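Everything numeric here is computed off the predicted structure, so don't read it as measured data. Any value given below was found using the heavy atoms of this structure, including those in side chains, with hydrogens, waters and symmetry copies removed.
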Amino acid sequence: MMCDCPKHVRVGTYENQVTFDVPAHMAEYRARRIAAGLSGLICIDRCLVDEVLALWMAGIRTNGSCCGHNHVPPIISVFPEYIPAMKAMGYQVQFNPSRPYAEDGFIPKTVRA
């Protein structure tokens, strides 16, 4: 399944996103964002909203995601302590050439590039 992004949406443009408050189970992450001068909000690509919200409902703390906008492989990143839970839920690690030994990024189940 490809993502639902319009063809003009490019990686890094932050188009086609929905903004959410950082969820309560990620309060520490929210505090760090605010301390760094960022907002207490998270933007999620529309193509991944349902999947990321489901992960939050399962207690998983995410720290980034991108549907790939039909240009690059999609990814959902989690905090390291959630890697075993993601694998237990059947998620496959998304290889990252800039961090070849990292296992904190996963291939979304709902979007395939």
Quick check: is Phe79 connected to Leu38 through a chain of hydrophobic side chains (ILVMFWY, heavy atoms under 4.5 Å apart)? no

Looking only at heavy atoms, the pair that brings Ser39 and Ile34 closest together is C-CG1, 4.2 Å

So which heavy atom on Ile44 is nearest to which on Ser65, and how close? CG2-OG, 4.2 Å

Please say yes or no: joined through hydrophobic side-chain contacts below 4.5 Å, possibly via intermediate residues, are Tyr82 and Val93 part of one cluster? yes

Under a 4.5 Å side-chain heavy-atom rule over Ile, Leu, Val, Met, Phe, Trp and Tyr, are Phe106 and Ile60 clustered together? yes

Taking it one step at a time, do Met86 and Glu103 satisfy side-chain contact (heavy atoms from CB on, under 4.5 Å)? CA-CA 10 Å; Met86 291 292 283; Glu103 292 193 333; over 6 Å; no

Closer than 3.5 angstrom, by distance alone: can the side chain of Gln94 be matched with the main-chain N or O of Ile76 as a donor-acceptor pair? no

Looking only at heavy atoms, what is the nearest atom pair of Tyr29 and Asn63, with distance? OH-O, 3.8 Å

Intermediate values then yes/no, side-chain contact (heavy atoms from CB on, under 4.5 Å), Trp56 and Ile42: CA-CA 12 Å; Trp56 288 354; Ile42 294 179; 4.0 Å; yes

Using a 3.5 Å distance criterion without hydrogens, assess whether the side chain of Arg33 forms a donor-acceptor pair with backbone atoms of Gly40. no

Exercise: identify the closest heavy-atom pair between Met26 and Thr62: CE-O, 3.0 Å

Closest contact, heavy atoms only, Cys66 versus Asp45: CA-OD2, 3.2 Å

Going hydrophobic residue to hydrophobic residue with side-chain gaps under 4.5 angstrom, can you get from Met89 over to Leu48? yes

Where Lys109 and Glu51 come nearest, the two heavy atoms and their spacing: N-OE2, 2.8 Å

Does atom CZ (Arg30) have a neighbourhood of more than 12 heavy atoms from anything else shown, all under 6.0 Å? no

Would you indicate whether the side-chain heavy atoms of Tyr91 and Leu55 approach each other to under 4.5 Å? yes

Between Asp21 and Leu41, is the side-chain contact (heavy atoms from CB on, under 4.5 Å) condition met? List the steps. CA-CA 5 Å; Asp21 288 322; Leu41 303 173; 3.0 Å; yes

